[in-house]
Each structure stands twice: as structure tokens, then as C-alpha cells.
Chemist: 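First the structure, then my questions, so here it is.
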There are 2 protein chains.
Amino acid sequence: MATTKGGAATARKKNAGAGTGSARRAQLLAIAAEMFASRGYTQTTVRDIAVEAGILSGSLYHHFASKDEMLTEILQDFMGSLLRQFRSIADEADSPRAALDGLVRSSFETIHRTPHAVALYQNEANFLGSTPEFSFVTKASREVEKVWLDVLRAGIASGDFRSELEPTTTYRFIRDGVWSTVRWYDPRGRLQHATLADQYLTMLDGGLIAS
Amino acid sequence: MATTKGGAATARKKNAGAGTGSARRAQLLAIAAEMFASRGYTQTTVRDIAVEAGILSGSLYHHFASKDEMLTEILQDFMGSLLRQFRSIADEADSPRAALDGLVRSSFETIHRTPHAVALYQNEANFLGSTPEFSFVTKASREVEKVWLDVLRAGIASGDFRSELEPTTTYRFIRDGVWSTVRWYDPRGRLQHATLADQYLTMLDGGLIAS
DNA sequence: GTCTATAAACCGATAGAC
DNA sequence: GTCTATCGGTTTATAGAC
């Protein structure tokens, strides 16, 4: 744990000199993310990742200090960019309705763009939350929640959203309904992510019951 | 695999004679379910379960042929009773609206009553679906989907539900939104499952947007 | 940057005594 | 029904040659 950054520092140094970007490191992380997402973090062995990358398991430790470090880096990159994305959408929206619409569409876009990271977060976040090493995940989740809650509360206050809705519970229902999509959505299938967002917003905005 | 039922048969035999019910077996399964749900199936070791039960890991194999068998039995009991429950609700409902209302409320009730089994199904179903031994889970899931889809289609056909909704996608959104609740709902907390169902149905029926 | 070789720990499962 | 004792296999991770 104390030597956690050894391999990483070496890789970054070399990369900074070459100027090509740490392509190898990023490539290995992409492989790891896909396998972590599809078969689960604990079910994926470092051997599995190495074989998929065409090297031996020991060689992975030249790039990463531990298996945990791979997961940490994947989730940190994901949570960081997600939070920035959500904040900019909420900041630039003209109305609570437009903000919520943008947040939902951005979420489906994210599922389309980085399904592995989303699935990983979706499947392992609960377990990870209990270990101190991954407390940053819980922390980032709370920041994201704050953004959505502000939008919902503003909409209820302005009369745009129904006042019967309890903000926190409503947020959780929406969040889970949207992110769970990653379990069955196929990025290469015929159902486009924008269409999916349309369908979800149709249901969410107007409800199920015909008037 | 061939001797899968050895331990079980022994336990049931002894139990049938004593007439006390296979209380020990059920108790061990309850312990296993809770640990599988809270820290994940693969992250839970047979040693963990044994310690929690106050025995040694080897002793578990007197009751169960394998760790897999414990998971199978938990999920089989759960999926079976869930399917029966859903079918009876759909059959006895007077209208599509009443049927959907009943299905949703019954789901929240199930989360309240057996949170561990729900969480287990929610967290491991995707992974389990790929192994032939647990194909019964996927099969039961499809039967459940059929019940919900019939209700949604009937409601759209009768004009009770909005015709813009695509049944399959709508079902998945509802399913995920409802079942995901298990991740944050506390059965012993102050928020009752019936209240939660009310809040979800308020959002689902009428939508977010104020009229 | 990768390979060879291996350490150290852990896992599921078994055989047989009590 | 539980314990003692242990086997065989797998896992993460390390040290050092190339």
C-alpha cells in the first residue's frame, strides 16, 4: 500500500518523455475495465487481464502496483468526468426542466460512450463503499446527488415539477432507472441512446396514465 | 454435481423424523443469504459463513454439497415464490391499472420482506445468467417479464396507459427502478415500504411535470 | 517492458474420528 | 452434526534475468 504509486510513477515519467501519451497503460486499463465489468472485479484475475493483453501476469506489475490500483484509476477517471459533466449541464441550463432533460440525456450518452465504467460503478459501488480505500466513490456520488437534488428542488419550487414528489426519493428512483439501463443496453445494437433517452423522458415527464 | 443432493437428503430425512423442520439448514441458508447479499457471492467464503454460524467450514458440507448449492437453493426459493405471487396478482386484478399497482406494491413488499434474496438476485443475476447451472434464474426472469408485459400491453390497448410508451423498454425502466431500491432501502428504517410504493407510483402514474 | 520462477496466502472441498 | 487435519488448486504479488 505504501509503494502504491511506484509503478504508476515510472510509467508516467517515461510517457511524459515520449509524448505519445501512456498509451500502453490506458490500453491495459481499457482491457481491465471491460473484463471487470463483464465478469466482475473479483472474478477477473490479473492473469485474465494479462492474457487478453498478450503478456504475462507478472508484467502487469510494471504498470500498476496492484489490481486495486487499476480499479481505483478507472473509477476515479469516470467519477471525475461525470461530475464535471453534470455540473456544467446544470449550470448552463435555462430552467429546471431543461436541466433535468440535459442530465438524463447526458447519462444515457455516458452509458453509450463508456458502458464498462458505468457497469463497474453500478455493480461494485455498494461493496466498494465499505472500504476506506474507495471512499472517493461514495464522496463523488454525494456530489452528483447534490447536483440532481438542486435541480429537482428548484423545479418543485418554481412549480415546474409536481409538489407531491419527495426530492430525495425521486432522485434515487430516476438515478437507478437510468443507470441500470447499462445492464441490458447494447451500444452496438439498433436502439440508439438518444432514442432510449426519449423513451425514458416520455415516461418520466408525463407518466404512465393516459389523460 | 452428481452427489449434489446427498447432504440435503440426509438433513431432510433426519428432520422428517424429528418433525422440527430442517431448521438448521434454513438457518444456515439465511446466514449465507445475508452475507452473499452484503459482500457478494464470490467475496463470501465458506469459512465466513461457518464462523457466523458458530461452526467450522468443513461442517457446512454435512448440510450442503457445495457453496453453489446454497446459492441455488436461495435463488430457487425466491424466484419461485415471486413468480407465483406476480401471477396471482395479475390474474385477480380487475383492470390493467389495478394490476400494475398491485405488481409494484408487491415488489416493494418483497424488498421489505426478503431484502437479502432481492439484493442477491439484483447483484448476481447478470453474472449467473452465463452459467448453465443457473439458467433457471434467466428462465424465471423471462416468465416474470411476461406477466408484466401482458399488463402493460393490455393497458395500452385499453387506453388506460399512454400509447407513446414502448412496452418492453417501459417494463425494464420500471423493473430496474423498483428493484434497485433494495440497495438503499432500510427495512428497519422509518420509511415504510408502503410509503415508498406510494411515492414511486405517484411519480410513475402522473409523471414529473406539473400540469 | 516483458519473461522466468516462485513465494505466501487463501479458497473450496474431502476423509475420517468423535 | 461437528471437529481435526489436510489436499489440490488458484490467486495476488515479488525478485531478478533479459
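Numbers restart at 1 for each chain; the letters A, B, ... are given by sequence-line order, proteins then strands. Only heavy atoms go into these numbers, but all of them, side chains included; no hydrogens, no water, no symmetry mates.
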Chemist: Nearest whole angstrom, please: distance from the C1' of D:dT11 to the CG of A:Leu60.
Modeler: 14 Å
Chemist: Whole Å only: how far is the CG atom of B:Leu56 from the C1' atom of C:dT14?
Modeler: 15 Å
Chemist: Would you mind classifying the nucleic acid contact of B:Ile55 as base, sugar-phosphate or nothing, using non-hydrogen atoms under 4.0 angstrom?
Modeler: sugar-phosphate
Chemist: Could you check how far OH of B:Tyr61 sits from C1' of D:dT6, rounded to whole Å?
Modeler: 14 Å
Chemist: DNA chain D: B:Arg47 or B:Leu28, which has the more 5' nearest nucleotide?
Modeler: B:Leu28
Chemist: Given atom NZ of B:Lys67 and atom C1' of C:dT14, what is their separation to the nearest angstrom?
Modeler: 17 Å
Chemist: Just say parallel, tilted or perpendicular for the rings of B:Trp148 and B:Tyr171, cut-offs at 30° and 60°.
Modeler: tilted
Chemist: Just checking, is any N or O donor in the side chain of B:Asp91 or B:Ser88 under 3.5 Å from an acceptor N or O on the other one?
Modeler: no
Chemist: Between A:Ser59 and B:Gly54, just flag the one whose closest nucleotide in DNA chain D comes earlier from the 5' side.
Modeler: B:Gly54
Chemist: A:His62 has an atom NE2; how far is it from atom C1' of C:dT4, in whole Å?
Modeler: 17 Å
Chemist: Hey, does B:Thr44 reach any base, or is it just sugar-phosphate, or nothing, if we go heavy atoms under 4.0 Å?
Modeler: sugar-phosphate
Chemist: Sequence neighbours excluded, which residues qualify as side chain to side chain donor-acceptor pair (under 3.5 Å) partners of A:Thr114?
Modeler: none
